[in-house]
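The structure appears below as structure tokens.
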Protein chains: 2
Amino acid sequence: MPAQKTLTHLPFYTDLSSTGRDLLSKGAKYNACEAADIILHKGQSVSGAYMVLRGRLRVYSISSNGNEATLTWIEPGEICVFSLNCLFNNLLYPAWVAAEKDTEVATIPAALYRELFQREFSVQDLTVHSLSILVFRLMEELDQVHGLRHKERLANFLLVRASATGELDITQQQLAQHLGTSREVIARLLQNFVAQAYVRTGRGRITLLDPEGLSQVVTGKQA
Amino acid sequence: MPAQKTLTHLPFYTDLSSTGRDLLSKGAKYNACEAADIILHKGQSVSGAYMVLRGRLRVYSISSNGNEATLTWIEPGEICVFSLNCLFNNLLYPAWVAAEKDTEVATIPAALYRELFQREFSVQDLTVHSLSILVFRLMEELDQVHGLRHKERLANFLLVRASATGELDITQQQLAQHLGTSREVIARLLQNFVAQAYVRTGRGRITLLDPEGLSQVVTGKQA
DNA sequence: GCGCTTATGTAGCAAAAGTTACATAAGGTA
DNA sequence: TACCTTATGTAACTTTTGCTACATAAGCGC
């Protein structure tokens, strides 16, 4: 068990009863995985609740023509709600999960999690909140996929995920995967943005030059 | 309060403690609404948990160009999970809700629901299950929107929602709304299906003639 | 039946997205 | 530096979707 990062560092741990803490420390398992490792395959049965301690997980679907589309990311401190989902309903996992960088994951076995859920209010709370937030995120995503064009979704993505200095370290291939389209389409759209001086492109990097312009693209006011 | 349909008829009521039943019968409110009534507007704050007793509710989003897209339906006996979602996170409602036919809805005020959630295991259970199932549904939908063409989504929709005798009572306009596209596109696709003798169209009705053929369309094996 | 409303059938063009096929460039490494 | 891998830039072309504009038809009330 790595000393530096365990479940005890997560916010909800503080609110557990001593019995709960005990159960958790005895039952939880820790896993480390490297970038690009696939943690779960679609249709796999889920053995417990996953919680990310370090790194980042990417949850994605793969369509029949082989295109990937990122559904969401799981950041440190977050629980993989999809696994909860399966755990409470005995469903098979509905997507793929892969590590995006070196990532450490704690696994709480299904039986233990269900017991904690019955005993501990903080676990109930965590569960319902996590599920709720996921529902909200998914609805937003669905909304966007339905209502926006790729151009608009791309602009939105750039705005939302750029750093404070207006930079994103991401390849066009990754962008394409997230939006569920091909790299060529992304390149075409980005060239458009470059031509209008909204962004500057570099190898594995995009720099925002005119966030205002981009947000007008999102709302459909600008090309 | 209508005598014929109350919360006491729903499955989870049986598992409530007598205190819980008491609280519920005192606090719940009943509303009737007619077809096409809009129950909730996007961005409205949610005053409680909604449960459908009779009829059907449609949850939908509206994109910037005015197109609607049905996210899900809420059938009798189901709880509107979106409202739970807001209720536990103090979020604003993320979509529109309208009655599709004469519908009766029970409302459990937010404070009461939260209290029941703390006291009653059956309510915790109902909540987590409902949220989980919604997550699953939304993911499936997102998956389809990402990965399938309209032709394939339409074929899938027809297969999933046809009656046992292979009939659907639905207008092309409604189909278009669900898939988030225009009626003309649906008409074009349907004509295609008609030409291949997969379906027969009528006024407000579609009859499946060749479900096999349709399922091949879904998987992209057939035109 | 007549007229009104609602639903479907079709055509044609414009815009967006998907596909294929290469050229070019940036970084890392032997 | 030369070579190799990975990432980006571009063009041409196809397919799908979106949009506009009508024609036709079904059901309903009078």
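Chain letters run A, B, ... following the sequence lines, proteins first and then strands; every chain starts at 1. All values below were derived from every heavy atom in this structure, side-chain atoms included, with hydrogens, water molecules and symmetry-related copies excluded.
With sequence neighbours left out, A/His41 forms a side-chain hydrogen bond (donor to acceptor under 3.5 Å, both in side chains) with no residue at all. Partners of B/Glu141 according to the side-chain hydrogen bond (donor to acceptor under 3.5 Å, both in side chains) rule, which considers only residues two or more places apart in sequence or in another chain, do not exist here.
Look at A/Ser182 and you won't find any side-chain N or O under 4.0 angstrom from OP1 or OP2 of C/dA17. For the OP1/OP2 pair of C/dT10 and a distance below 4.0 Å, the side-chain nitrogens and oxygens of B/Gln191 include at least one atom meeting the criterion. Between A/Gln174 and D/dA7 there is no side-chain N or O to OP1 or OP2 distance below 4.0 Å.
Of the residues in residues 199-207 of chain A, those placing a heavy atom less than 4.0 Å from an atom of DNA chain D are A/Thr201, A/Gly202, A/Arg203, A/Gly204, in numerical order.
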Evaluate the salt bridge (Lys or Arg N to Asp or Glu O under 4.0 Å) criterion for residues B/Glu78 and B/Arg137: first the C-alpha distance (whole Å), next the side-chain angles of each, then the deciding distance (0.1 Å), finally the verdict. CA-CA 14 Å; B/Glu78 292 186 344; B/Arg137 274 196 208 164; 3.3 Å; yes
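Applying the ring pair (Phe, Tyr, Trp, His ring centres under 6.0 Å) test to every pair with at least one member in residues 144-163 of chain A, sequence neighbours left out, gives these pairs: A/Phe157-A/His178.
Residue-level contact check: A/Thr171 touches the backbone only, with heavy atoms under 4.0 Å from sugar-phosphate atoms and none from bases.
In this structure, the CG atom of B/Leu148 is 20 Å from the P atom of D/dT15, given to the nearest Å.
Using a distance-only test at 3.5 Å, with no hydrogens or angles considered, no donor-acceptor pair links the side chain of B/Thr207 to the main chain of B/Glu167. Listed for the A/Gln196 side chain is no donor-acceptor partner under 3.5 Å among the backbone atoms of A/Phe193.
Only one option out of B/Arg161, B/Arg203, B/Arg205 pairs with B/Asp169 in a salt bridge (Lys or Arg N to Asp or Glu O under 4.0 Å); it is B/Arg205.
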What are the atom names and distances for every N/O pair under 3.5 Å that joins the protein to nucleotides 11-15 of chain C?
unit_1 : atom_1 : unit_2   : atom_2 : d
C/dG12 : O6     : B/Arg188 : NH1    : 3.4

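The two residues A/Ser132 and B/Leu131 have their closest heavy-atom pair at OG-CD1, 3.9 Å. Annotation for B/Ala155 and B/Leu214: closest pair CB-O, 3.8 Å, computed over non-hydrogen atoms.
Under a cutoff of 6.0 Å and an axis angle of 45°, A/Arg58 and A/Trp96 do not form a cation-pi pair.
Nearest-nucleotide assignment on DNA chain C puts the 5′-proximal partner with B/Leu190, out of B/Leu190 and A/Leu189.
Checking D/dT10, C/dG9, D/dT16 against the side-chain heavy atoms of A/Arg183 singles out D/dT10 as nearest.
Under a cut-off of 6.0 angstrom, the local environment of CZ in B/Arg56 is crowded, with over 12 non-hydrogen atoms contributed by other residues, nucleotides or ligands.
End-to-end axis angle for the helix from C/dG1-D/dC30 to C/dA30-D/dT1, using five pairs per end and rounding to 10°, comes out at 20°.
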